[in-house]
Amino acid sequence: MAQQPSKDKHNQDAVAPISLPKTSESEQLKRIRHTTSHVMAMAVQRLFPKAQVTIGPWIENGFYYDFDNPEPFTEQDLKAIKKEMVKIIKKKLSLEREEVSREEAKARIEKLGEPYKLEILEGLEEPITLYHLGDQWWDLCAGPHVESTKEINPKAIALESVAGAYWRGDANKQQLQRIYGTAWETPEQLAEYKRRKEEAMKRDHRKLGKELDLFLFSDLVGPGLPLWTPKGTLLRSLLEDYLKQEQIKRGYLPVTTPHIARVDLFKTSGHWQKYQEDMFPMMAEDDTSRSDEDGFVMKPMNCPFHIQIFKNQLRSYRELPMRLAEFGTVYRYEKSGQLGGLTRVRGFTVDDSHLFVRPDQLDEEFINVVDLILQVFKDLQLKNFKARLSFKEEGSDKYIGSNEAWEKAQGAIRRAVDTLGMDSFEAPGEAAFYGPKLDFIFQDALEREWQLGTVQVDYNLPERFELEYVAEDGTRQRPIMIHRAPFGSLERLIGILIEEYAGDFPFWMAPEQMRLLPVGADFMDFAQETAAKLRLQGIRAEVDTSGDRLGKLIRNGEKQKIPVMAIVGAKEMEANSLSIRTRAEGELGALELATVIDRAVKANSDRTNF
């Protein structure tokens, strides 16, 4: 996050935090960035006359433009383009909007010899609008733009990188070159943006995951399919065990379901009709059958499986609410260009639970689920978040179920948010196809936003699967479903936690909590015996057996971000003690082994530092 100002009133050197709004939050930034993308395209075509332009929108932290150029752009090219952009900006060129007919626009584009613009023109409705940059360059555009390039500070712009991009996002079409840039209102904002970007590179979970030996990807296994090392698997297990214990306290029942199922299951739920393109291809049951009825797919969701468990027998109203929970791995065919470390993968584990409730239980159960999510965030030290009411977009045909069911579900979410007094906002169009959601949007240390936990109210899947329970009056009634996942994707959560903590996990969560550093071979046996005693008390302790000098042992432990290091020498062996050094508090000196165990056990129990 940006540096916070000092609270000391006498500190005359206190510096106000530098705000970095997103494009969508600032109309002026939107205009600056959109105009700067045009300036960049103009500069590119001045320097590279054979380059053809396609599209160049603003994005949340800057802008980009896609080009079809015979030769790949280099780092030196980016420097030359930036220099040319500065020349254009300093000319204080005006931005002029012009409306033309389709025929006129087509004639002008054909004169320029720009086939991509012709294709863009085909999808536009009249009137066609052009934006002119002075009298020297123009493009098809709806705006908005600044009135003149004098509103752009040349010291507040930067070109960042070149990447490949397919025309229209279609891998079967021409591959283009995308130049990314950023633009801000002031040089100070640009400097802060660069600082945060540099910090993000240091915190990158892909880099730290390799350094800390947590996970890896293999080309032979395939993209988007992480392999977890012993340390990474231990970290996953710690998080799973933590949530399982919290769920048991709240009456959740564990279940386990398969990784594949018949297509018919997902046809009934509606996932096949809505998400077929995001599923892995159908597999036949045998060599002779390829029909949908006999086909199997890898599961993209867990909910239809939990529904089958509920439906296995007729339930009484006394059995509700029924809370079924599973850490279930699901599979989705994400495009390779959309994959990103652990935050976007093809196989991931969801801490899924589905609650089957009576109408009179809905509000209380929903609030209890939110309470669990808030407890999880507190224990994981995730403090900066807000709740998004992801509702139906009126008039859209991508949803299933009656308007009445949607109104009831959305009403339940609003009541819960009002009851809890949560910081929230509504987002029409973000609902799942079967029901509205309460999503938790977390802002990390660098003010990037991530969706973590989610809670959904669903009247539709119980209807589609014809779920029933016997009510108190003997009639058959439909239950309501609550879908919830405090972690969301376990893979994404771990990626976010690695970056939020910068790899410096809290003591209770660290895969290796304590490392014993024997200062010589004579103390190795005592160190191993001591580590064994610590492990018997649930403390994850290891011994550095490398035989290196103490300074290197400490440096290695620091690089691995081990929360507690314990030096073992003659004095420690004689006194049955350990000389403790922690990342949180530094040198603690010699402590009796019993004291070390007590502190570590308490830190694990309280989820605090050692």
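Neither side chain, Gln247 nor Ser353, offers a donor N or O lying under 3.5 Å from an acceptor on the other. Counting only N and O atoms by type, the side chains of His483 and Asp458 include a donor and acceptor under 3.5 Å apart. For the residue pair Thr343 and Arg492, no side-chain donor N or O sits within less than 3.5 Å of a side-chain acceptor on the partner. With hydrogens and angles left out, the side-chain atoms of Asn61 and Tyr193 include no donor and acceptor closer than 3.5 Å. Side-chain contact check for Asp213 and Gln560: no donor-acceptor pair (N or O, by modelled atom type) lies under 3.5 Å. Remark: the Thr329 side chain and the Lys299 side chain contain no N/O donor-acceptor pair separated by less than 3.5 Å. Using modelled atom types, one finds a donor on one side chain and an acceptor on the other under 3.5 Å when comparing Thr454 with Asp439. If you check the side chains of Asp371 and Gln375, you find no donor sitting under 3.5 Å from an acceptor. Inspection of the Trp184 and Thr186 side chains reveals no N or O donor paired with an N or O acceptor under 3.5 Å. Side chains of Thr349 and Arg236: a donor on one and an acceptor on the other come within 3.5 Å. Counted by atom type alone, Ser24 and Glu60 present one or more donor-acceptor pairs between their side chains at under 3.5 Å.
Two residues are said to be in side-chain contact when any heavy atoms from C-beta on lie closer than 4.5 Å; Gln308 and Phe465 meet this criterion. Looking only at side-chain heavy atoms (C-beta outward), Pro563 and Phe610 stay at 4.5 Å or farther from each other. Counting only heavy atoms from C-beta outward, the side chains of Met509 and Tyr242 never approach each other to under 4.5 Å. Using a 4.5 Å heavy-atom threshold, the side chains of Phe487 and Ile494 count as separate. Contact of the Leu234 side chain with the Thr229 side chain is not registered, since no non-hydrogen atoms from C-beta on lie closer than 4.5 Å. In this structure, Ile413 and Pro436 have side chains that are in contact, with non-hydrogen atoms separated by less than 4.5 Å. Residues Val370 and Leu438 are in side-chain contact: their nearest non-hydrogen atoms beyond the backbone lie under 4.5 Å apart. Counting only heavy atoms from C-beta outward, the side chains of Phe63 and Pro57 never approach each other to under 4.5 Å.
Note that CD1 of Ile496 and CD of Glu500 are 9.0 Å apart. Values are rounded to the nearest 0.5 Å. Note that CD of Glu185 is 4.5 Å distant from CD1 of Ile32, once rounded to the nearest 0.5 Å. How far CD of Glu463 is from CG of Leu461: 10.5 Å, rounded to the nearest 0.5 Å. In this structure, CG in Asn604 is found 6.0 Å from CZ in Arg540, a value given to the nearest 0.5 Å. Between the CZ atom in Phe442 and the CD atom in Gln451 there is a gap of 13.5 Å [rounded to 0.5 Å].
A salt bridge is absent between Glu211 and Lys561; no separation between the charged side-chain nitrogens and carboxylate oxygens falls under 4.0 Å. Taking the charged nitrogens against the carboxylate oxygens, Arg168 and Asp170 have no contact shorter than 4.0 Å, which rules out a salt bridge. Under a 4.0 Å N-O distance rule, the pair Lys249/Glu246 qualifies as a salt bridge. Salt-bridge annotation for Glu334 and Arg346: absent, with no side-chain N of the basic residue lying under 4.0 Å from a carboxylate O of the acidic one. For Glu199 and Arg196, the salt-bridge test fails: no basic side-chain N is under 4.0 Å from an acidic carboxylate O. Between Arg332 and Asp278 no salt bridge is recorded (no basic side-chain N to carboxylate O distance below 4.0 Å). One finds no salt bridge joining Lys437 and Glu430 here, because no Lys/Arg side-chain nitrogen approaches an Asp/Glu carboxylate oxygen to under 4.0 Å. Under a 4.0 Å N-O distance rule, the pair Arg478/Glu466 does not qualify as a salt bridge. Under a 4.0 Å N-O distance rule, the pair Arg414/Glu426 qualifies as a salt bridge. The pair Asp264-Arg262 does not meet the salt-bridge criterion, since no charged nitrogen lies less than 4.0 angstrom from a carboxylate oxygen. No salt bridge links Lys386 with Asp423; every basic N to acidic carboxylate O contact stays at or beyond 4.0 Å.
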Checklist entry - Could you go step by step and tell me if Trp406 and Asn460 meet the side-chain contact (heavy atoms from CB on, under 4.5 Å) rule? => result CA-CA 9 Å; Trp406 277 88; Asn460 288 308; 3.6 Å; yes
Checklist entry - Going through the checks in order, is the side-chain contact (heavy atoms from CB on, under 4.5 Å) test met by Val417 and Leu389? => result CA-CA 9 Å; Val417 168; Leu389 283 68; 4.0 Å; yes
Checklist entry - Which is it for Ile59 and Tyr180 under the side-chain contact (heavy atoms from CB on, under 4.5 Å) test, yes or no, and what are the steps along the way? => result CA-CA 10 Å; Ile59 52 179; Tyr180 285 99; 4.0 Å; yes
Next on the checklist: For a side-chain hydrogen bond (donor to acceptor under 3.5 Å, both in side chains) check, start with the C-alpha distance between Thr256 and Glu326, then their side-chain angles and the critical distance, and finish with the verdict.
Outcome noted: CA-CA 6 Å; Thr256 304; Glu326 174 183 22; 5.3 Å; no
Item to check | Pair Leu420-Phe366, side-chain contact (heavy atoms from CB on, under 4.5 Å): steps then yes or no | outcome: CA-CA 11 Å; Leu420 295 168; Phe366 193 96; over 6 Å; no
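Classification of the Phe377-Phe385 ring pair by plane angle, with boundaries at 30° and 60°, yields perpendicular. Ring pair Phe433/His271 is perpendicular by interplanar angle, where above 60° counts as perpendicular and below 30° as parallel. Note on ring orientation: taking the six-membered ring where Trp is involved, the planes of His354 and His306 are perpendicular (angle over 60°, cut-offs 30° and 60°). Classification of the Tyr333-Phe280 ring pair by plane angle, with boundaries at 30° and 60°, yields perpendicular.
Other residues, nucleotides and ligands place no more than 12 heavy atoms under 6.0 Å from the NZ atom of Lys210. The number of heavy-atom neighbours closer than 6.0 Å to CD of Glu27, taken from other residues, nucleotides and ligands shown, is above 12. More than 12 heavy-atom neighbours from other residues, nucleotides or ligands sit within 6.0 angstrom of NZ on Lys398. Counting heavy-atom neighbours within 6.0 Å of Glu364 CD, excluding the residue itself, gives a total of 12 or less.
Ring to ring, Trp58 and Tyr64 are not that close: their centroids are 6.0 angstrom or more apart.
Formation of a donor-acceptor pair under 3.5 Å by the Glu407 side chain with backbone atoms of Glu404 is not found in this model.
Under the side-chain contact (heavy atoms from CB on, under 4.5 Å) rule, Phe327 has a single partner from Leu239, Val350, Leu243, which is Leu243.
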